[in-house]
Amino acid sequence: MTPFAKKVYKIVSVIPIGEVRTYKWVARKAGKPKASRAVGQILKRNHYPLIIPCHRVINSNNKIGGYVFGVNKKKLLLDMEKEILRCLGTRK
DNA sequence: CAAACTATTCAGC
DNA sequence: GCTGAATAGTTTG
């Protein structure tokens, strides 16, 4: 576990459901605004996918970068989380 | 330690 | 909108 990775994990795990953050945003929070690519790599090779909502981390322009299970799955995942929020919030 | 790789980002056209 | 170059960190040898 590298220090930078640790920061990234913590930051990403703080992202709320239904929200998305960009690699740049995470990198900036980690203290390395230029390490956006490194962030993506860490998420890709992370050993704790359960505590790291990597599907909530996308590139700029709200575009999905990549995903081990497929970009389409990632997109659906985000949409699914929105429905979860709707269930919890409006309790509909 | 150095080289290669990467789910990116920015600038130029 | 697409192509090319640059940045920083992880991983592997």
Side-chain angles (χ1 to χ4, degrees):
Chain A
M1 177 80 74
T2 56
F4 187 68
K6 203 189 322 194
K7 277 185 190 172
V8 173
Y9 292 144
K10 199 183 283 190
I11 293 163
V12 176
S13 63
V14 140
I15 303 175
I17 297 176
E19 295 292 298
V20 292
R21 290 297 181 261
T22 60
Y23 293 107
K24 195 173 143 205
W25 184 90
V26 176
R28 196 176 178 190
K29 279 269 183 200
K32 272 40 169 130
K34 304 288 188 55
S36 44
R37 298 173 74 179
V39 173
Q41 222 173 358
I42 292 166
L43 293 175
K44 159 180 183 208
R45 305 199 85 134
N46 78 70
H47 291 117
Y48 304 99
L50 298 176
I51 66 169
I52 312 279
C54 29
H55 59 268
R56 282 183 220 152
V57 184
I58 60 179
N59 67 0
S60 41
N61 200 20
N62 281 12
K63 295 282 218 278
I64 309 291
Y67 201 48
V68 185
F69 299 104
V71 180
N72 49 18
K73 291 271 186 78
K74 190 167 175 175
K75 198 157 52 172
L76 288 173
L77 223 56
L78 291 170
D79 191 59
M80 180 177 76
E81 288 190 328
K82 277 189 208 167
E83 265 192 51
I84 293 171
L85 268 186
R86 185 176 283 182
C87 250
L88 296 173
T90 64
R91 196 163 63 258
K92 187 186 304 181

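Chain identifiers are assigned alphabetically (A, B, ...) following the order of the sequence lines, protein sequences preceding nucleic acid strands; residue numbering begins at 1 within each chain. As the structure is a prediction and not an experimental result, all values here were calculated from the model.
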For DNA chain C, what dot-bracket results from Watson-Crick or G-U pairs at under 3.5 Å, with [ ] for crossers and | for inter-strand partners? ||||||.||||||
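Residue pairs that meet the ring-ring contact (aromatic ring centres under 6.0 Å, His included) test with at least one member in residues 28-47 of chain A, sequence neighbours left out, do not exist here. The stretch residues 72-83 of chain A participates, sequence neighbours left out, in these salt bridge (charged side-chain N to carboxylate O under 4.0 Å, His left out) pairs: A:Arg56-A:Glu81. Counting only residues at least two apart or on different chains, no salt bridge (charged side-chain N to carboxylate O under 4.0 Å, His left out) pair has a member in residues 6-16 of chain A. Applying the salt bridge (charged side-chain N to carboxylate O under 4.0 Å, His left out) test to every pair with at least one member in residues 29-44 of chain A, sequence neighbours left out, gives no pairs at all. Residue pairs meeting the ring-ring contact (aromatic ring centres under 6.0 Å, His included) criterion with at least one member in residues 64-90 of chain A, sequence neighbours excluded, are A:Tyr67-A:Phe69.
A:His47 places its NE2 atom 11 Å from the C1' atom of C:dT10, with the value rounded to the nearest Å.
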Please report, to 0.1 Å, the donor-acceptor pairs under 3.5 Å made by any side chain of residues 16-24 of chain A, with sequence neighbours excluded.
{"unit_1": "A:Thr22", "atom_1": "OG1", "unit_2": "A:Trp25", "atom_2": "N", "d": "3.1"}
{"unit_1": "A:Tyr23", "atom_1": "OH", "unit_2": "A:Val57", "atom_2": "O", "d": "3.3"}

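Using a 4.0 Å cut-off on heavy atoms, none of the residues of residues 6-18 of chain A approach DNA chain C.
A:Val71 and A:Leu77 sit in two unconnected hydrophobic clusters of ILVMFWY residues. Membership requires side-chain heavy atoms under 4.5 Å apart, directly or through other members.
Take A:Tyr48 and apply the ring-ring contact (aromatic ring centres under 6.0 Å, His included) test, not counting sequence neighbours, and it matches no residue. Residues forming a ring-ring contact (aromatic ring centres under 6.0 Å, His included) with A:Tyr9 (at least two apart in sequence, or on another chain): none.
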Protein-to-nucleotide contact annotation, 5' to 3' order, nucleotides 3-13 of chain B [B base; S sugar-phosphate only; - none; under 4.0 Å, heavy atom]: --BBBBSS---
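Between A:Val12 and A:Asn46 there is no side-chain heavy-atom pair separated by less than 4.5 Å.
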